[in-house]
Structures are given as structure tokens and as C-alpha cells.
Amino acid sequence: MSSFEMPKINPERIPKHVAVVMDGNGRWAKARGLPRTAGHEAGEAALFDVVEGAIQIGVKELSAFAFSTENWKRSPEEVKFLMGFNRDVIRRRLDQMHEMGVRVRWAGRAGRLWGSVTSELERAEQLTAKNKVLTLNMCVNYGGRSEIIDAALELAADIKRTQIKPEKVSEKKFAQYLDIPSDVDLFLRSSGEERISNFLLWQSAYAELVFLDVLWPDVRRETLWKAIEIYAARDRRFGKA
Ligand code: IPE
Ligand code: IPE
Ligand code: MG
């Protein structure tokens, strides 16, 4: 299916955890004279091709930004579409994910999320809980700041119950209270926008940022591999000289 072969990269230089901001669906649709929803629909194939490409190249964890805590500001029609669409995608793709050994996890707040979306996500989590090939964090009604606040509140409750002493609160400990505890190695955003948009704020403290000028529905596994090549050529210093 592809003309672009998987690049040969030293396994030590493959990012363990990749975060993807799946952006540009609306612009993709607009360029074709289609409604914005058609762009979201076309984005489904992109995500699952990226999942397959991630497995092939050896990525262990992929966090996909599907709906942000800010996306409620969109028109009621688009919000409604995105709720139903996210639910249907998870339902439709569940068996395929399970067969591929993907562990599905949901990151985000329940809050305004449709009950049918959370129940589909929870069903996926249960079915795939023991899978080891790749962890796919589906970030739905996710915001980095709200995740940090929720973690802080849970930690405060544990301190109050004397489950943990304040002096034992390290960065590592705090991260365990987050929906997604692991650091992001590669932060990839499609569509040409160069911003974080409240995605994985804590986890991306030392992530390598890669912004590619391709709209999400046009993204394929080759796009991920290209980003990984860019990542592999970077010098990650973590403050060292
Ligand atoms: C990303 O595409 C999908 C979601 C945010 C749900 P957009 O819908 O943001 O597409 P653009 O940025 O308007 O092109
Ligand atoms: C980020 O994209 C959220 C998702 C991809 C789900 P947005 O399109 O919502 O972000 P902004 O508004 O351009 O920052
Ligand atoms: Mg956008």
C-alpha cells in the first residue's frame, strides 16, 4: 500500500510514548467543499493506520487527542456529531484493536461526556486490559490542566486520609495520580498549527515537538515514521551539558 518503506532506526531511538494531536479535519473537509463532519469521518482511517504503523516500528504507547475539554465551545451540531462518532469508532474498532494486542485506555473527565461514550470506553478498557503490544490512550474530554487538578485533588484526599505523607510526594509519585502517568517522548501535531492546546502538559515537559504540515485525514503510518525519523535525529539532553 505504500511507497515509503519503514525507516531503519536504532531501537534505542524509537520513542516509547508518542502523543498525537489529530488536527486539521475541518480544513481538510473545507478544501473539498464538504461539511466539517466529513473531515472527522475521514480521520478514522488515519488513526488506525497510525496505530498499525506504531506497532510495526516498535512504539509502545500512543496517546490520541480525540476531544478536548475546550472542544465543547464548538457548535452543538459538531459536538453532538463528535460524541456519537467517538462512541461508534471505539465500538467499531474494538475487535480489531483487541486482535492486534492493543490495550485501550481512556484519559479524560466524565463530566459532560455522553454516558454511551464512557460506557464504550470502559468496555474497551476491560476487554483489552491484558494486552501488551501497544497501549492506546484515547483522550476524550481530556485537558492537561483538568487532569493535573484532578490528580492534585486525589493526592490531597490521600494525604488527608494519611495514605501518603506530604514529604513523600515526588514528581514520580504525583504522576501516578494522572490518567496517563508516563512521559511523552514524541509530541506530534498535524495540520501545521504549532501549539500544545492543553494536551499532556505534565507528561510533555521534555517531549520532542514535531509539527507536520499535513491535515489529519491525510496522515498515514508513513507520516508517523517521518516524525520518528526527525525525533531520532534530535539530541535529547534533559538539562545535561
Ligand atoms: C481536529 O480537527 C479534530 C478535533 C478537534 C475534534 P479540527 O476539527 O480541529 O480541524 P480544523 O483545525 O478546524 O481544521
Ligand atoms: C486540539 O485541536 C484538540 C484535538 C485535536 C482533539 P483543536 O483544533 O481543538 O485546537 P486549537 O483550537 O486549534 O488550539
Ligand atoms: Mg483544529
Side-chain angles (χ1 to χ4, degrees), residues 17-51 54 61-93 104-114 116-118 120-121 124 136-150 178-180 184 186-204 207 209-220 223-224 227:
H17 183 185
V18 178
V20 280
V21 181
M22 308 188 284
D23 196 21
N25 297 348
R27 278 163 280 172
W28 183 93
K30 193 174 179 203
R32 285 161 181 76
L34 298 169
R36 294 179 55 82
T37 51
H40 300 313
E41 281 170 341
E44 179 181 345
L47 174 60
F48 292 95
D49 204 61
V50 164
V51 168
E61 185 168 3
L62 188 71
S63 295
F65 207 3
F67 191 90
S68 75
T69 49
E70 288 72 38
N71 286 147
W72 298 104
K73 294 176 195 160
R74 297 188 177 199
S75 73
E77 298 73 42
E78 186 169 351
V79 168
K80 188 173 169 218
F81 175 85
L82 285 168
M83 286 295 124
F85 181 65
N86 276 297
R87 176 197 61 214
D88 295 349
V89 167
I90 297 150
R91 185 179 294 158
R92 214 175 13 248
R93 297 287 183 158
V104 180
R105 305 268 297 149
W106 164 40
R109 268 187 183 166
R112 291 165 76 182
L113 262 191
W114 287 9
S116 61
V117 179
T118 51
E120 212 56 60
L121 285 161
L136 173 64
N137 300 312
M138 288 297 296
C139 302
V140 189
N141 197 22
Y142 174 88
R145 287 183 170 182
S146 62
E147 184 193 31
I148 292 168
I149 288 177
D150 291 347
L178 298 167
D179 286 350
I180 301 176
V184 170
L186 166 60
F187 185 110
L188 170 62
R189 183 172 188 146
S190 62
S191 91
E193 295 314 336
E194 300 190 352
R195 56 177 167 268
I196 310 286
S197 298
N198 197 19
F199 194 39
L200 297 170
L201 296 180
W202 173 283
Q203 299 86 342
S204 299
L209 309 178
V210 175
F211 301 103
L212 294 177
D213 218 347
V214 40
L215 302 172
W216 180 256
D218 291 328
V219 166
R220 286 298 176 268
T223 323
L224 172 73

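If you're wondering where the values come from, they're calculated on a predicted model, not measured in any experiment. For the single chain, residues carry numbers from 1 onward in sequence order. Numbering of ligands and ligand atoms starts at 1, following listing order.
- Counting all heavy atoms, side chain and backbone alike, N86 lies closest to F67 at ND2-CB, 4.4 Å.
- Formation of a donor-acceptor pair under 3.5 Å by the R189 side chain with backbone atoms of E194 is not found in this model.
- Here the shortest heavy-atom pairing between S190 and V219 reads CB-CG2, 4.0 Å.
- Ligand 1 has at least one atom lying under 4.0 Å from a heavy atom of R36.
- Side-chain contact between V79 and R112 is absent, with no heavy atoms from C-beta onward closer than 4.5 Å.
- The closest donor-acceptor contact from the side chain of N137 to the backbone of R105 lies at 3.5 Å or more, if one exists at all.
- Between the Mg ion (ligand 3) and D23 there is an N/O/S contact shorter than 2.8 Å.
- For atom 6 (C) of ligand 2, the nearest non-hydrogen atom of the protein is F65 O, 3.3 Å.
- Proximity to N25 (heavy-atom distance under 4.0 Å) selects the following atoms of ligand 1: 1 (C), 2 (O), 3 (C), 7 (P), 10 (O), 14 (O).
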- Message: Does R87 form a salt bridge (Lys or Arg N to Asp or Glu O under 4.0 Å) with E120? I'd like the steps, not just the answer.
- Response: CA-CA 6 Å; R87 176 197 61 214; E120 212 56 60; over 6 Å; no
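- Residues G192 and D213 approach most closely at CA-OD1, 3.7 Å, considering heavy atoms.
- D179 and W106 share no donor-acceptor pair across their side chains, judged by distance under 3.5 Å alone.
- For the pair S191 and ligand 1, no heavy-atom separation below 4.0 Å is found.
- The closest approach between any non-hydrogen atom of K30 and ligand 1 is not below 4.0 Å.
- Considering backbone and side-chain atoms alike, R189 places an N or O below 3.5 Å from some N or O of ligand 2.
- Distances below 4.0 Å separate heavy atoms of F67 from the following atoms of ligand 2: 6 (C).
- Residue contacts with ligand 1 include A66, since one of its heavy atoms falls under 4.0 Å from the ligand.
- Ring-plane geometry between F199 and F187 is classed as perpendicular, the angle between the planes exceeding 60 degrees on a 0 to 90 degree scale with a lower cut at 30.
- Among R74, R27, M22, the residue whose heavy atom lies nearest to atom 14 (O) of ligand 1 is R27.
- For ligand 2, the atoms sitting less than 4.0 Å from at least one non-hydrogen atom of V21 are 1 (C), 5 (C), numbered in the order shown with element in parentheses.
- Below 4.0 Å from some heavy atom of N71 lie the following atoms of ligand 2, by number and element: 3 (C), 6 (C), 9 (O).
- Within 6.0 Å of CZ on R145 lie no more than 12 heavy atoms contributed by other residues, nucleotides or ligands.
- Nearest protein neighbour of atom 10 (O) of ligand 1, counting heavy atoms only, is G26 N, 2.9 Å.
- Of all the atoms in ligand 2, the ones that sit under 4.0 Å from a non-hydrogen atom of R195 are 11 (P), 13 (O), 14 (O).
- Here E193 has no heavy atoms under 4.0 Å from ligand 1, in either its backbone or its side chain.
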